[in-house]
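Have a look at the structure below before the remarks.
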2 protein chains.
Amino acid sequence: MPREKQYNEAEVIERAMVLFWKNGYKSTSLRMLSKEMGINQFSINASFGNKKNLFLESLKLYKSKLQQVLKKFEDSSNGKDSIKNFFYAFAAFSNQDNNKRGCLMVNTMSEFGLEIDEQVGAVISNYGEKLRGLFKKNLEFNTAIDSVTLNKQINFLVLAIGGLGLAGKIQNNTVIEDYIEMTFKNL
Amino acid sequence: MPREKQYNEAEVIERAMVLFWKNGYKSTSLRMLSKEMGINQFSINASFGNKKNLFLESLKLYKSKLQQVLKKFEDSSNGKDSIKNFFYAFAAFSNQDNNKRGCLMVNTMSEFGLEIDEQVGAVISNYGEKLRGLFKKNLEFNTAIDSVTLNKQINFLVLAIGGLGLAGKIQNNTVIEDYIEMTFKNL
DNA sequence: ATTTTAACTAATCAATCGATTAGTTTTAGG
DNA sequence: CCTAAAACTAATCGATTGATTAGTTAAAAT
C-alpha cells in the first residue's frame with residue numbers, strides 16, 4: 001500500500017480559493033498556489049489535474065460557503081425585507097475581514113465576460129438561476145404583481161447584486177450601505 | 001534628418017485601446033498589441049516606453065471618447081432625467097456594436113481592485129469625481145434636498161454606474177434597460 | 001554624393017507560465 | 001524482509017511574457 005497524502009484536500013482547496021478570490025484566475029500562478037497550498041506543483045496536478053480544475057474546485061467551495069448565506073435567505077423568505085437582508089449579507093460576505101476581495105463569481109464573470117469556460121460558466125449560471133428564483137418568490141410574497149413588472153424587478157435585482165459584488169472590491173462600506181438603503185427604499 | 005514615422009500614433013493607440021478594452025490589461029500581450037497595431041514591439045517601446053504607458057494612453061483615449069458622452073450630460077443638466085439619459089448613453093457606450101466589452105475604466109478597476117497602479121488609478125478617480133459632481137448638480141436641480149440624502153443618492157448612483165459598466169460585459173440589453181428604468185422610477 | 005539621424009526589422013534576452021518528467025521516499029501487504 | 005504502489009521532491013520541458021539588442025533602411029541636411 002502506498003503512503004497517505006500528507007495534506008488534506010479540503011484544506012488546500014480553501015487556500016487556493018482565497019488566492020483565486022484575491023487575485024483572479026489568470027493572475028494566480030501554479031507557483032503561487034503551490035507555495036500557499038503548501039504542496040508542490042506535481043501534487044496539485046495529482047489531486048486536481050490542472051489549474052482549471054483546481055479553480056473549479058475553488059469555485060465550488062466558494063459557492064458552498066456563499067450557500068450558507070443563501071440558505072438564510074431561503075429560510076426566511078418573507079418579502080422585500082428578506083431580499084434586503086440578503087443584500088447586506090452578500091455585501092458583508094464580499095468584504096469579509098475587510099479584505100476587499102469582492103465576490104469570486106462576480107470577479108470571474110468580470111475577468112472572462114461571455115468568453116467564460118463552459119464548466120465555470122455553468123457553476124455561476126446555476127447560482128444566478130437560484131437567485132432569480134428567490135427574488136421572484138420574495139417579490140411575489142403577499143403582493144399581487146403583474147409578470148412584466150415582476151421580471152423587471154428581478155432583472156433590476158440581478159444587475160444590482162452584480163454591482164454590489166464589484167463594489168465589494170473597490171468601494172467603502174458607506175457607499176455600499178447607501179446603495180442598499182436607496183435600492184430598497186422604494187422597491 | 002531621419003525618416004518619418006510610418007504610422008500615426010493616434011491610430012495605433014486606438015487599436016491598442018480596443019484590445020485592452022476587450023481583453024483587459026494583463027491578458028493583452030505586447031505581441032497581440034504589435035500585431036493589431038501593425039507596428040513591431042520595438043516601435044511600441046519607441047513611441048510609448050512600455051506596456052503600462054501604452055495602457056495609460058489607451059485609457060486617456062477611452063476617457064476622451066467617453067467625455068463626449070459626459071459632455072452631453074454636462075450640457076443638459078436639468079435634473080434626474082438628465083442622469084437617466086446619461087445612464088442610457090453610458091450603457092450604450094459600454095456595449096457599442098454589441099461587442100460586450102463593458103467600460104474600460106470599470107474593467108480596469110475590477111481587474112486591479114485597490115492594488116491599482118497609481119497613475120492609472122488617478123485617471124479613473126478623476127473621472128469618478130467629475131461624475132460625482134454632475135450627479136450632485138442634477139440631484140439638486142429644482143429640488144430642495146438635505147445633504148445627507150444627497151450624499152446617499154450620489155453614492156447610490158456611483159455604485160449603480162459601476163454595476164452598469166460590469167453589466168455591459170455580461171448582461172443582455174433587456175436586463176440593462178430594466179435596471180435603468182427601475183433605478184429612476186422612484187429616485 | 002555623402003553624412004547623419006532615427007525609424008525600422010528581426011532576433012533574442014531573462015523571467016515566468018502551465019505542465020511534466022525522472023527519481024526518491026514512505027507505507028502497507030505478502 | 002522484500003515488494004508494490006503511490007505520494008513525494010526537484011528539475012526541467014516548450015511556450016510565452018515584457019523588454020531590449022544589433023543591424024538595416026530611409027530621408028533630410030550638408
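The chains referred to below are lettered A, B, ... by the order of the sequence lines, with proteins before strands, and numbering in each begins at 1.
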If I take atom CG in residue A:N50 and atom C1' in nucleotide C:dT20, what distance separates them, rounded to the nearest angstrom?
13 Å
When rounded to whole Å, the NZ to C1' distance for the pair A:K51 and C:dT16 reads 12 Å
Side chains of A:E9 and A:S47: do they bring a donor and an acceptor to under 3.5 Å?
yes
Write down the distance between NZ (B:K35) and P (C:dT9), rounded to a whole number of angstrom.
16 Å
Taking atom NZ of B:K35 as the centre, does the number of heavy atoms from other residues, nucleotides or ligands within less than 6.0 Å exceed 12?
no
In whole Å, what is the span from the NZ atom of B:K5 to the C1' atom of D:dA27?
15 Å
Just by distance, do the side chain of A:K169 and the backbone of B:S110 share a donor-acceptor pair under 3.5 Å?
yes
The complete set of ring-ring contact (aromatic ring centres under 6.0 Å, His included) pairs with one or both residues in residues 22-44 of chain B, sequence neighbours excluded, reads B:F20-B:Y25, B:Y25-B:F55, B:Y25-B:F112
Correct closest heavy-atom pair for B:L61 and B:E14 would be CD2-CA, 3.4 Å
Are B:K52 and B:Q119 close enough that a side-chain donor and a side-chain acceptor fall under 3.5 Å?
yes
Using modelled atom types only, decide if a donor and an acceptor are shared between the side chain of B:N138 and the backbone of B:L134 within a distance under 3.5 Å.
yes
Sequence neighbours excluded - salt bridge (charged side-chain N to carboxylate O under 4.0 Å, His left out) pairs with any residue from residues 129-142 of chain B:
B:K136-B:E140
For atom NZ of B:K72, is the number of surrounding heavy atoms from other residues, nucleotides or ligands below 6.0 Å larger than 12?
no
With ring-ring contact (aromatic ring centres under 6.0 Å, His included) as the rule and sequence neighbours excluded, what pairs involving residues 167-187 of chain B come up?
A:F156-B:Y179, B:F87-B:F184
Which residues in residues 7-34 of chain B have a heavy atom closer than 4.0 Å to any atom of DNA chain C?
B:Y7, B:R31
To the nearest 10°, let me know how far the axis at one end of the helix from C:dA1-D:dT30 to C:dG30-D:dC1 is tilted from the axis at the other, five pairs an end.
20°
When we call it a touch if two heavy atoms are under 4.0 Å apart, what does A:Q41 touch: a base, just sugar-phosphate, or nothing?
base
Please report the distance, rounded to the nearest Å, between CD in B:E4 and C1' in C:dA7.
11 Å
Calculate the interatomic distance between A:Q6 atom CD and D:dA6 atom P; express it in whole Å.
16 Å
Is the distance between the ring centroids of A:Y62 and A:Y127 under 6.0 Å?
no
For DNA chain C, determine which residues of residues 42-49 of chain A have any heavy atom closer than 4.0 angstrom to one of its atoms, and list them numerically.
A:F42, A:N45
Report the distance from atom CG of A:N40 to atom C1' of D:dT12, rounded to the nearest whole Å.
13 Å
